[in-house]
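Read the structure below first, then the notes.
When a residue number appears, it is its place in the shown sequence, counting from 1. Predicted model, so just to flag it, every value in this text is computed and none were measured.
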Amino acid sequence: MVALNEPDGASVSYERKGHARGLILGLTMAETMLLLVFCLLLVAGAIVTKKQAELQIALQKASRSEAEVLQLRQENQSLLAQVAELMEKSTGHKVPAEEWRKLVLAKKAVARIEEKGLTAEEAVRLAEATAVVRDNQLTPDDLRKLLSADKRALDAERKLAEAEKDLAQTTRQPRDLPPIINLSEAEGYSFEVSSAGLKPDFHAKLENVIAKQIAAIVAKYDVDVVEVIGHTDEQRLSRQSNMDYVFGRVLSGDEDVSKMEPGDNAGLGLARAISVVSVLKKIPELEHLNILPMSGGQLILPDDRLTNGVQSGDAPARRRIEIRVRKSKQKLADEGNQEDN
């Protein structure tokens with residue numbers, strides 16, 4: 001019986017050993033899985049702990065940031081209060097926060113304007129032009145082109161105005177010219193022979209009739225210069241002249257007219273013109289004028305022609321004083337400026 005059962009007994013024993021090995025292997029794998037899960041839990045716990053620590057740090061930083069922001073706000077409010085107090089003391093009224101904000105923005109805007117090389121006043125003056133540029137969406141190149149074209153147009157307009165002015169001057173009708181006052185010896189306006197001394201009748205007429213005639217012409221033609229030109233005939237003089245030395249003193253009133261001694265007809269004509277000027281300068285109605293003595297000597301005939309030297313001899317009509325009026329260069333310049341304006 002025992003011998004017969006040995007094979008069966010061996011088979012059971014073998015199966016038991018296999019079962020035991022399987023059980024051990026199964027327990028080992030389960031333990032391994034449990035160990036692995038445990039390790040994973042440890043890692044996950046470590047990660048969670050780290051994240052919680054980081055979160056705590058972040059919350060602390062956020063808390064500090066909020067505290068800092070709150071502190072900055074408080075400081076800002078304190079500064080605004082101080083500024084408002086100062087403004088109230090200096091101006092007598094409080095400045096609202098919104099108004100203060102606008103002031104700060106305005107200051108920043110002024111700083112930006114000045115960075116561009118402009119002043120606030122210039123920016124205000126250019127505001128209208130800036131609005132036009134903005135509305136038309138013009139670029140800097142567009143502006144340069146427009147300015148260049150505008151400059152050319154202005155130059156052309158100025159040249160056209162100058163051309164029209166020149167044309168008007170060339171086509172202008174001759175103006176009414178002031179008359180020339182001719183006082184010849186043939187008509188009773190005479191001097192002492194070969195002298196600049198005025199005869200009494202001539203002197204009296206200069207102070208009355210002739211002075212009034214000159215004043216009327218000056219007023220009518222708005223002139224400020226009177227030219228007194230002395231003319232002679234061709235009778236020669238032969239003596240030493242002292243005109244270079246005394247004519248200035250005679251004009252200033254320091255010497256009498258009789259002190260002048262011309263040595264030729266040019267000097268005689270000038271001496272007689274000086275004699276007339278010395279009388280006219282003392283007349284109140286003429287004292288604002290520039291009265292100039294000049295000499296034509298024997299060179300110019302009564303009909304405004306130059307002598308050819310053959311009209312010699314005693315010629316009372318050639319011995320004369322001519323009085324002409326005109327505007328000074330300064331007066332002409334002033335009138336020209338007024339017309340341009």
Side-chain angles (χ1 to χ4, degrees), residues 174-206 209-211 213-214 217-218 221 223-251 255-281 286 289-329 332:
R175 292 178 298 177
D176 182 20
L177 298 177
I180 299 172
I181 300 175
N182 184 58
L183 308 173
S184 71
E185 188 173 314
E187 296 174 347
Y189 303 100
S190 58
F191 296 87
E192 301 295 340
V193 178
S194 300
S195 168
L198 290 163
K199 289 189 174 180
D201 185 53
F202 192 3
H203 191 286
K205 289 180 180 179
L206 279 175
V209 179
I210 297 171
Q213 185 178 0
I214 294 172
I217 295 174
V218 166
Y221 294 92
V223 294
D224 57 343
V225 176
V226 177
E227 296 177 344
V228 178
I229 308 168
H231 297 271
T232 69
D233 56 21
E234 297 185 26
Q235 297 182 88
R236 294 184 179 180
L237 298 180
S238 180
R239 62 189 177 194
Q240 187 69 32
S241 173
N242 70 346
M243 292 294 294
D244 289 342
Y245 303 101
V246 301
F247 76 86
R249 295 178 59 81
V250 172
L251 279 174
E255 294 282 1
D256 188 71
V257 172
S258 61
K259 297 294 183 179
M260 293 187 294
E261 295 181 359
D264 51 29
N265 281 309
L268 180 60
L270 180 58
R272 289 179 171 177
I274 290 173
S275 180
V276 173
V277 169
S278 64
V279 175
L280 296 179
K281 287 173 68 70
L286 306 179
L289 301 172
N290 190 14
I291 306 176
L292 307 176
M294 299 180 179
S295 174
Q298 77 277 21
L299 293 177
I300 303 173
L301 298 172
D303 58 1
D304 293 328
R305 291 183 300 112
L306 284 174
T307 180
N308 55 14
V310 300
Q311 301 91 350
S312 59
D314 184 11
R318 294 184 60 182
R319 298 193 294 271
R320 66 197 187 279
I321 292 291
E322 288 183 353
I323 299 177
R324 303 170 183 251
V325 298
R326 63 176 175 84
K327 294 182 180 181
S328 64
K329 294 180 179 179
L332 290 172

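- In this structure, the side chains of Met260 and Ile274 come closer than 4.5 Å at one or more pairs of heavy atoms.
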I'd like a table of donor-acceptor pairs (distance under 3.5 Å, sequence neighbours excluded) in which one partner is a side-chain atom from residues 289-300, with atom names and distances.
residue: Ser295; atom: OG; partner: Ala266; partner atom: O; Å: 2.7
residue: Ser295; atom: OG; partner: Leu270; partner atom: N; Å: 3.4
residue: Ser295; atom: OG; partner: Gly297; partner atom: N; Å: 3.1

Worked verdict on Val226 versus Leu286 for side chain to side chain contact (heavy atoms under 4.5 Å, CB included): CA-CA 9 Å; Val226 177; Leu286 306 179; over 6 Å; no
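- Contact of the Ile323 side chain with the Asn182 side chain is not registered, since no non-hydrogen atoms from C-beta on lie closer than 4.5 Å.
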Derivation and outcome, side chain to side chain contact (heavy atoms under 4.5 Å, CB included), residues Asp256 and Val250: CA-CA 6 Å; Asp256 188 71; Val250 172; over 6 Å; no
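- Within the 4.5 Å cutoff, the side chain of Ile181 has heavy atoms near those of the Ile217 side chain.
- Ser184 approaches Ala317 most closely through the heavy-atom pair CB-O, 3.8 Å.
- What you find for Met243 and Ser241 is that their closest heavy atoms are N-OG, 3.2 Å.
- Here the NE2-CD1 distance, from His203 to Ile210, works out to 11.0 Å after rounding to the nearest 0.5 Å.
- In terms of heavy-atom proximity, Ala271 sits nearest to Pro262 at CB-CG, 4.3 Å.
- Between the Ser275 side chain and the Ala196 main chain, a donor and an acceptor come within less than 3.5 Å of each other.
- Put simply, the side chain of Glu261 does not reach to within 4.5 Å of the side chain of Gln240, judged on heavy atoms.
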Pair Glu234-Arg318, salt bridge (charged side-chain N to carboxylate O under 4.0 Å, His left out): steps then yes or no: CA-CA 9 Å; Glu234 297 185 26; Arg318 294 184 60 182; 3.1 Å; yes
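- The structure places CZ of Phe202 at 12.0 Å from CD of Glu192, a figure rounded to the nearest 0.5 Å.
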Ser194 vs Leu237, side chain to side chain contact (heavy atoms under 4.5 Å, CB included): CA-CA, chis, key distance, verdict: CA-CA 8 Å; Ser194 300; Leu237 298 180; 3.7 Å; yes
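- When every heavy atom of Gln235 is checked against every heavy atom of Gly313, the shortest pair comes out as CG-O, 3.5 Å.
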Derivation of the salt bridge (charged side-chain N to carboxylate O under 4.0 Å, His left out) call for Asp303 and Arg305: CA-CA 6 Å; Asp303 58 1; Arg305 291 183 300 112; 2.7 Å; yes
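- Using a cut-off of 4.0 Å between Lys/Arg side-chain N and Asp/Glu carboxylate O, Asp304 and Arg324 are scored as salt-bridged.
- When side chains are defined from C-beta on, Leu198 counts as touching Val279, because their heavy atoms get closer than 4.5 Å.
- Using a 4.5 Å heavy-atom threshold, the side chains of Val225 and Val325 count as separate.
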Check against side chain to side chain contact (heavy atoms under 4.5 Å, CB included), Leu301 and Leu306: CA-CA 6 Å; Leu301 298 172; Leu306 284 174; over 6 Å; no
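- A 4.5 Å side-chain heavy-atom check between Asp224 and Lys327 finds at least one atom pair inside the cut-off.
- A 4.5 Å side-chain heavy-atom check between Phe191 and Val257 finds every atom pair outside the cut-off.
- With respect to Arg326 and Glu227, a salt bridge is recorded, a charged nitrogen being found less than 4.0 Å from a carboxylate O.
- The pair Asp314-Arg319 meets the salt-bridge criterion, with a side-chain N (NZ, NE, NH1 or NH2) lying under 4.0 Å from an Asp/Glu carboxylate O.
- Tyr189 carries Lys205 over the face of its six-membered ring, with the cationic atom under 6.0 Å from the centre and within 45° of the normal.
- Remark: the backbone N or O of Gly267 is paired with a side-chain donor or acceptor of Asp264 at under 3.5 angstrom.
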